[in-house]
Enquirer: 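Below you'll find the structure I mean.
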Amino acid sequence: MNMFNKRTKIREIISKQESQTGITVMGWVRSFRNNQFIALNDGSTNTNIQVVATLGNFPDELIKRITTSASLRVYGDLVPSLGKGQALELVATEIEILGDSDAEKYPLQPKKHSLEFLREIAHLRFRTNTFGAIFRIRHSLAFAVHKFYNERGFVYLHTPIITASDAEGAGEMFRVSTLPLENPPRDEDGKIDFKEDFFGKATNLTVSGQLEGELGATAFGEIYTFGPTFRAENSNTARHLAEFWMIEPEMAFCDIEDNQNLAEEFIQYLIKYAMENCADDLAFLDQRLAEEEKQKPTNERQEFGLIEKLKFVTDSKFERITYTEAIAILLDSPAYKKKKFKYDVSWGIDMQSEHERYLVEKHFKKPVIVTGYPAAIKAFYMRLNDGCEPGKQTVAAMDILAPGIGEIVGGSQREERLDKLVARMEEMHIPTHEMSWYLDTRRFGTVPHAGFGLGFERMVQFVTGMGNIRDVIAFARTPKNCEF
Ligand code: 4AD
Ligand code: MG
């Protein structure tokens, strides 16, 4: 019989709170006090179990090997604890060291480490309370994504990671090639000849599964993707990754308003799911954030605690405004009048994060959905709005801006009219002949359809309250950084 199948997870012990004889627990030592009390953690929860190694019952040789981060198998009885801090404790009858650990060399010392330092030892940071909480919440949110769409009859479509197209048309792609870098084959014009490459053409890592998603939606009605996407944008910020996960639902028979409704419902659903299923981990992070806030000067502190903020967002309707209204609010703001913005404001600008944050954090103090952006700053596939003023052509785009994050969702109704789409692509120099497969959906039974992309890490940041996106993905990929 396999001994590992018989282990009880600490989470289960904590939730049951019942005495029990003859149970097995396995985990890593967090601390060892008075040669007698072991705080053992198995990663199922931040709560440690107190293991009692009664003095005299175990050989000194074994006791010496119970060091921080050593892994143990403990067999014993779960009984009411006499000590403070826990209701139950595990009185050990057997202790086996599964793996020794040199506590002096172990990088996680029993003190508070900075998040920056923990990023350098990201291979071990899962073993801290903070990262334990973050990654269990991340897991729950990922599970809730599938639950949400499954309950609504969406088909989960796995779109390709390697593609030959640039969905966003922004040219921020990582090339995928097996050609020799030092001496690639060249064509008659001296350009690299991708006909010789692995796929017989130039290929890259996907920036979005949307285009393939549209092919699915115009057959299944409603699909979603949930996968990694890659952007070679040189943005070294607390909200950008070169490799991030995105959820992209795409719906046929759907307009920009239905799209907004779904996105709002989706975000609120994810938050509620985390609040119901990760209450202890959220309480831990709420406390952590409160302590971090205390270190800041009073005028820089956030108005809400983490859990308060999450409750507020699930209980209130998101504000909905047009881009034109957003620009008017900015132009009318004290921040603009006092020249507090670094970047200028006028109709037509691609709003900078300082503008988005002003709208969300100062003006509305809640999530805001902005629609009707200028066509000139948005992707080719977005539906042109009819009846715009000359020189002010807008598209049926929507961005959702969240407090503390900025843009968390980007989406649109798609241009389903073949002639308009082709004209727009030509105007933007997108090769229509290579995208014939995409245009076929508009040729054969085109329908109004819409969709959006939710940046998964930004969502995890929002729910956990973590300020830096590098702390909500296991191993961050950012400019000049690809460790682990
Ligand atoms: O606004 P974006 O670029 O939209 C698209 O990719 C569309 N194809 C989505 C669609 O309509 N199906 O990206 C969508 C979201 C952003 O709102 C943001 O949350 C996230 O993806 N995102 C990033 N997250 C982390 N690091 C980056 N470099 C990101 N770029 C975008
Ligand atoms: Mg966007």
Side-chain angles (χ1 to χ4, degrees), residues 138 141 145 149 154 157 159 163 165-174 205-217 222-251 254 256 258-260 262-263 266-267 270 323 350-353 356 360 367-371 373-374 377-383 395-402 404-415 438 449-463 466 468-473 476-479 481:
R138 182 179 166 118
L141 289 172
V145 166
Y149 289 110
F154 284 57
L157 191 68
T159 51
T163 81
S165 64
D166 177 1
E168 294 305 302
E172 292 167 334
M173 298 173 298
F174 288 102
L205 294 177
T206 188
V207 294
S208 156
Q210 180 196 318
L211 302 189
E212 293 88 352
E214 286 184 54
L215 310 180
E222 292 173 325
I223 64 95
Y224 71 106
T225 73
F226 184 5
T229 47
F230 307 86
R231 299 211 181 162
E233 54 188 330
N234 205 351
S235 303
N236 230 322
T237 79
R239 294 175 305 112
H240 286 91
L241 291 166
E243 174 178 310
F244 65 98
W245 289 67
M246 183 154 60
I247 299 119
E248 295 184 275
E250 190 70 34
M251 296 76 68
C254 177
I256 189 70
D258 302 319
N259 203 23
Q260 292 171 71
L262 185 81
F266 179 41
I267 290 174
L270 293 183
Y323 170 88
D350 201 357
M351 279 190 275
Q352 298 293 320
S353 104
E356 297 179 338
V360 174
V368 178
I369 311 182
V370 183
T371 52
Y373 283 83
I377 57 168
K378 288 292 186 185
F380 72 89
Y381 51 70
M382 298 190 179
R383 192 178 197 276
V395 285
M398 63 176 223
D399 275 9
I400 302 187
L401 314 176
I405 306 287
E407 180 190 334
I408 194 163
V409 159
S412 72
Q413 186 171 335
R414 318 305 187 193
E415 184 55 83
Y438 180 70
H449 63 290
F452 62 84
L454 172 74
F456 188 55
E457 283 75 20
R458 292 196 187 167
M459 187 66 207
V460 181
Q461 267 193 287
F462 186 73
V463 173
M466 297 306 290
N468 195 313
I469 199 163
R470 293 164 179 78
D471 295 329
V472 298
I473 189 162
R477 272 79 181 94
T478 50
N481 168 45

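First listed ligand is number 1; within each ligand, the first listed atom is number 1.
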Enquirer: Students should be able to answer this: which protein heavy-atom is nearest to atom 26 (N) of ligand 1, and at what distance?
Expert: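 Heavy-atom neighbour on the protein nearest atom 26 (N) of ligand 1: Leu241 N, 2.9 Å.
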
Enquirer: Could you tell me the residue and atom name of the protein heavy atom closest to atom 17 (O) of ligand 1, and the distance to it rounded to 0.1 Å?
Expert: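 Atom 17 (O) of ligand 1 sits closest to the protein heavy atom Glu407 OE2, 2.6 Å.
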
Enquirer: Check this for me: does any side-chain nitrogen of one of Arg138 and Glu457 sit under 4.0 Å from a carboxylate oxygen of the other?
Expert: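 The answer is yes: the pair qualifies as a salt bridge.
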
Enquirer: In this structure, does ligand 1 have an atom that sits under 4.0 Å from one of the heavy atoms of Arg414?
Expert: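 Heavy atoms of Arg414 do come under 4.0 Å of ligand 1.
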
Enquirer: Give the contacting part of Tyr381 toward ligand 1: side chain, backbone, both or neither, where contact means a heavy-atom distance below 4.0 Å.
Expert: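 The answer is the side chain of Tyr381.
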
Enquirer: Would a 4.5 Å heavy-atom cut-off, applied to side chains only, mark Met251 and Asn259 as touching?
Expert: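 Of all side-chain heavy-atom pairs linking Asn259 with Met251, at least one is under 4.5 Å.
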
Enquirer: Of all the non-hydrogen atoms in the protein, which one sits nearest to atom 7 (C) of ligand 1, and at what distance?
Expert: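 For this ligand atom, the closest protein heavy atom is Glu168 OE2, 3.3 Å.
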
Enquirer: Quick check on Met246 - does any of its heavy atoms sit under 4.0 Å from an atom of ligand 1?
Expert: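 It does; at least one heavy atom falls under 4.0 Å.
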
Enquirer: Could you check Phe230 against Phe174 for ring-ring contact (aromatic ring centres under 6.0 Å, His included), going step by step and ending with a plain yes or no?
Expert: CA-CA 7 Å; Phe230 307 86; Phe174 288 102; 7.0 Å; no

Enquirer: Nearest to atom 3 (O) of ligand 1, what protein heavy atom do you find, and at what distance?
Expert: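 Protein heavy atom with the smallest distance to atom 3 (O) of ligand 1: Arg231 NH1, 2.7 Å.
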
Enquirer: What protein heavy atom is closest to atom 9 (C) of ligand 1, reported as residue, atom name and distance in Å?
Expert: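 The closest one turns out to be Glu248 OE2, 3.2 Å.
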
Enquirer: Please state which protein non-hydrogen atom is closest to atom 15 (C) of ligand 1 and give its distance, to 0.1 Å?
Expert: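 Protein heavy atom at minimum distance: Gly453 O, 3.7 Å.
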
Enquirer: Using a 4.0 Å heavy-atom cut-off, which part of Asp399 comes near ligand 1: side chain, backbone, both, or neither?
Expert: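 Answer for Asp399: neither.
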
Enquirer: Compute the minimum heavy-atom distance from Arg239 to ligand 1 and say whether it is under 4.0 Å.
Expert: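 Within the 4.0 Å threshold, so yes.
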
Enquirer: Would Ser412 count as a polar contact of ligand 1, with the cut-off being nitrogen or oxygen pairs under 3.5 Å?
Expert: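 Between Ser412 and ligand 1, no N or O pair is found under 3.5 Å apart.
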
Enquirer: Just heavy atoms, cut-off under 4.0 Å: does His240 contact ligand 1 by side chain, backbone, both, or neither?
Expert: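 Within the 4.0 Å criterion, His240 contacts ligand 1 through backbone and side-chain atoms alike.
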
Enquirer: If you measure from each heavy atom of Phe462 to ligand 1, is any distance below 4.0 Å?
Expert: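 Per 4.0 Å heavy-atom rule, Phe462 does not contact ligand 1.
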
Enquirer: Side chains of Glu250 and Phe452: does their closest heavy-atom pair fall under 4.5 Å?
Expert: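 The answer is no; the side chains never approach within 4.5 Å.
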
Enquirer: Determine which of the N, O or S atoms in Glu407 is closest to the Mg ion (ligand 2) and give its atom name.
Expert: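 Nearest N/O/S atom: OE2.
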
Enquirer: Given Tyr224, Phe244, Trp245, which one has a non-hydrogen atom that is nearest to atom 23 (C) of ligand 1?
Expert: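 Looking at heavy atoms only, the winner is Phe244.
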
